[in-house]
Amino acid sequence: MSATLADVAQRAGVSPATVYRHLRGQRVKSATGVQRAIEELRYTPNTMAQNLKYGRTQTIALVVPDITTPFFASVVKGAEGESQGLDYSVSLYNTDENEAREKEILSSLVGRVDGVILAPTTEAGHLSPALTDSGVPVVFIDRETSSATRRS
C-alpha cells in the first residue's frame, strides 16, 4: 500500500497541512524533514484524489473524424506532445465521420475532461447543450463551424 500525506506528516513530525504546503512549493520550517519523509516513504501524490478535490481531470479529449489520415495522426502527436509538459493526458476519440457518433461522444465527455479539441464531422458542428452548459472549453480545428465563437 502506498504512503499517504498523513503518513508523511507523521514520519516528519509535522501536520498534514505542513506537508501539503511543502508539496505546493511553499516554504516551511521543517522542509528538510518533510522531504526526507517523502523520500523514505516513496510518497507520490494521488492525482486522482487531487483532481476530484479540485474538480479537474487533467484530461483533454481529442475528437477526430478519421484517425487513419496522416493529418489527424500529426494532430494527435502534437496534442500529446504539448499536453505532456502541462501534466495533462489526451483521450482520443474517433467518430468515423459519423455525426451521431460525434454527438454521443461529446455528450459523454461532461465531467470527464477539462477541455475538448474537436475536428467536427460536418460544418454544422453543433455541440451538445450538456457540454456547452458545463463550461468545458472547446477548440475547433480543421473546419469552420456554425457553433464556433469567433474572438477578435
Side-chain angles (χ1 to χ4, degrees), residues 1-8 16-28 31 34-35 37-152:
M1 188 163 157
S2 57
T4 66
L5 189 128
D7 295 334
V8 173
T18 300
V19 175
Y20 177 77
R21 286 193 305 274
H22 174 75
L23 291 169
R24 302 276 302 174
Q26 297 175 6
R27 296 184 77 171
V28 295
V34 172
Q35 189 59 43
I38 288 169
E39 292 167 6
E40 288 173 0
L41 295 172
R42 297 184 182 151
Y43 172 77
T44 56
N46 182 331
T47 55
M48 287 180 62
Q50 288 176 342
N51 291 343
L52 184 60
K53 179 178 179 178
Y54 295 109
R56 297 182 311 226
T57 64
Q58 295 300 111
T59 303
I60 303 294
L62 177 55
V63 184
V64 299
D66 185 357
I67 189 59
T68 63
T69 64
F71 172 75
F72 290 120
S74 66
V75 168
V76 171
K77 185 174 182 170
E80 286 192 331
E82 289 298 317
S83 68
Q84 285 175 353
L86 302 171
D87 290 330
Y88 274 79
S89 62
V90 175
S91 290
L92 179 61
Y93 298 87
N94 183 53
T95 65
D96 286 323
E97 293 279 358
N98 181 314
E99 190 173 357
R101 173 80 177 127
E102 178 181 285
K103 287 178 183 178
E104 177 186 308
I105 289 167
L106 292 173
S107 293
S108 76
L109 295 176
V110 176
R112 295 178 51 209
V113 298
D114 292 337
V116 176
I117 302 170
L118 172 63
T121 58
T122 68
E123 290 186 11
H126 298 289
L127 296 175
S128 71
L131 186 63
T132 54
D133 292 347
S134 73
V136 172
V138 179
V139 175
F140 289 90
I141 61 171
D142 189 43
R143 294 180 178 141
E144 275 193 45
T145 67
S146 57
S147 295
T149 303
R150 296 201 191 320
R151 296 183 186 195
S152 308

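Numbers for residues simply follow the sequence, beginning at 1.
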- Query: How close do Ala100 and Asn98 get, heavy atom to heavy atom, and via which atoms?
  - Reply: N-OD1, 2.9 Å
- Rounded distance (nearest 0.5 Å) linking atom OG1 of Thr68 with atom CG of Asp96: 8.5 Å
- Message: Rounded to the nearest 0.5 Å, what separates atom OG1 in Thr18 from atom CG in Leu23?
- Response: 11.0 Å
- Note on the structure: For Thr95 and Pro65 the tightest heavy-atom approach is OG1-CA, 3.1 Å
- Is there a side-chain contact between Thr69 and Val64 (heavy atoms, below 4.5 Å)? no
- Any side-chain heavy atom of Val136 sitting closer than 4.5 Å to one from Leu109? no
- Does Thr57 reach the main-chain N or O of Asp114 with its side chain, forming a donor-acceptor pair under 3.5 Å? yes
- Task: Could you verify whether a donor N or O on one side chain and an acceptor N or O on the other, from Glu80 and Gln84, lie under 3.5 Å apart?
- Result: no
- Heavy atoms only: give me the nearest Ser2-Asp7 pair and the separation to one decimal. O-OD2, 4.4 Å
- Heavy-atom side-chain contact between Leu118 and Glu102 under 4.5 Å: yes
- Message: Please find the pair of heavy atoms, one from Ser83 and one from Val90, that lie closest to each other, and give the distance.
- Response: OG-CG2, 3.4 Å
- Message: Working to the nearest 0.5 angstrom, can you tell me the gap between Ile117 CD1 and Phe140 CZ?
- Response: 12.5 Å
- Query: If you measure from CD on Glu40 to CD on Gln35, what distance do you get to the nearest 0.5 Å?
  - Reply: 10.5 Å
- Side-chain heavy-atom pair Val75, Asp142 within 4.5 angstrom cut-off: no
- Is Ser107 reaching over with its side chain to a backbone N or O of Glu104, donor-acceptor style, under 3.5 angstrom? no
- Does the side chain of Asn94 reach to within under 4.5 Å of the side chain of Phe72, using non-hydrogen atoms? no
- Going by heavy atoms in the side chains, are His22 and Ile38 under 4.5 Å from each other? yes
- Task: Would you name the heavy atoms of Ala61 and Tyr93 that are closest together and state the gap between them?
- Result: CB-CE1, 3.9 Å
- So, for Thr59 and Ser91, which heavy atoms are closest and what is the spacing to 0.1 Å? CG2-OG, 3.4 Å
